[in-house]
Amino acid sequence: MNFYARNRRWSDHYLPEIKHIVGRHLLREAPDVLDWHQATDLMLFSARDTRIAARVRRPGYAERYPFEITIRSESAGGAETELSKIVNGKGDWMFYGHAGADGHHLSRWWLIDLCAFRAALIRQATNGYPIRCGDKRNPDGTAFKWFDIRSFPPEPRLVVASSL
């Protein structure tokens, strides 16, 4: 089994918990007038598809890097990376979680607005807004860009929701 398939199988274990968490943020209570006249109690916050990336880090990283998110910036096989896709406008939100020590549940997570992420990167590129970030290279030929979420501008808001 290749590296991607093994990692995907591991992270997919967390998808039911991720769907439960994200779902709470996609539904809103309907205004009374819709309830009265259109039998509507809940509404999706958006009328269009919302594309959500999901990343789960292995146990132990939450304690070592409590406010850091990492996004793959280089793949060993040369495939387009998550960072490239996000920078090029793909994805609306990103669920970023840390596996707990038990290996079955998430210990810490953030729901990131990727439009706010892109806006911050544009600010950094155009006027030097000081986002704390760096690069990490792995022995398998992959590379990641890390970002300290505390260093992003206050508006537009980067973090939609979190476990903190």
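Values reported hereafter were calculated over all heavy atoms of this structure, with side chains retained and with hydrogens, waters and symmetry mates removed.
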Novice: With salt bridge (Lys or Arg N to Asp or Glu O under 4.0 Å) as the rule and sequence neighbours excluded, what pairs involving residues 115-128 come up?
Specialist: none
Novice: Could you pull out all residues at least two apart from Arg58 that satisfy side-chain hydrogen bond (donor to acceptor under 3.5 Å, both in side chains)?
Specialist: Asn7
Novice: Test of understanding: with salt bridge (Lys or Arg N to Asp or Glu O under 4.0 Å), list the residues that count as partners of Arg55, not counting sequence neighbours.
Specialist: none
Novice: So, using ring pair (Phe, Tyr, Trp, His ring centres under 6.0 Å) as the criterion, who are the partners of His104 when residues are at least two apart?
Specialist: His13
Novice: Using the salt bridge (Lys or Arg N to Asp or Glu O under 4.0 Å) rule, collect all pairs that involve residues 135-145, keeping only residues at least two apart or in two chains.
Specialist: Glu74-Arg137, Asp135-Lys145
Novice: I'd like to know if Phe144 and Ile86 are part of one continuous hydrophobic network [Ile/Leu/Val/Met/Phe/Trp/Tyr, side-chain heavy atoms within less than 4.5 Å].
Specialist: no
Novice: When you measure from the side chain of Asn138 to the backbone of Ala143, do you find a donor-acceptor pair of N or O atoms at a distance under 3.5 Å?
Specialist: no
Novice: Examine Phe117 together with Phe152 and report whether their ring centres are nearer than 6.0 Å.
Specialist: yes
Novice: What residues form a side-chain hydrogen bond (donor to acceptor under 3.5 Å, both in side chains) with Asn88, not counting sequence neighbours?
Specialist: Ser84
Novice: Taking side-chain contact (heavy atoms from CB on, under 4.5 Å) as the definition, give me every residue that meets it alongside Glu155, ordered by chain and number, with sequence neighbours left out.
Specialist: none
Novice: Looking at side-chain heavy atoms only, is the closest gap between Val159 and Leu111 below 4.5 Å?
Specialist: no
Novice: Can you list the residues that meet the side-chain hydrogen bond (donor to acceptor under 3.5 Å, both in side chains) rule with Arg108, with sequence neighbours excluded?
Specialist: none
Novice: Restricting to side-chain contact (heavy atoms from CB on, under 4.5 Å), what partner residues turn up for His105, sequence neighbours left out?
Specialist: Glu17, Asp102
Novice: Can you tell me how far apart CD1 (Ile112) and CG (Leu158) are? Round to the nearest 0.5 Å.
Specialist: 4.5 Å
Novice: Which heavy atom of Tyr14 sits nearest a heavy atom of Gly103, and at what distance?
Specialist: OH-O, 2.9 Å
Novice: Restricting to side-chain contact (heavy atoms from CB on, under 4.5 Å), what partner residues turn up for Lys85, sequence neighbours left out?
Specialist: Glu80, Lys90
Novice: Taking all non-hydrogen atoms of both residues into account, name the closest pair between His98 and Val56 and its distance.
Specialist: C-CG1, 4.5 Å
Novice: Give every donor-acceptor pair under 3.5 Å between a side-chain atom in residues 33-41 and any protein atom, sequence neighbours left out.
Specialist:
unit_1	atom_1	unit_2	atom_2	d
Thr40	OG1	Gln38	O	2.9

Novice: Got a sec, which residues hit salt bridge (Lys or Arg N to Asp or Glu O under 4.0 Å) with Asp148, two or more places apart in sequence or on another chain?
Specialist: Arg132, Arg150
Novice: Answer yes or no: are there more than 12 heavy-atom neighbours, outside Tyr61 itself, under 6.0 Å from its atom OH?
Specialist: no
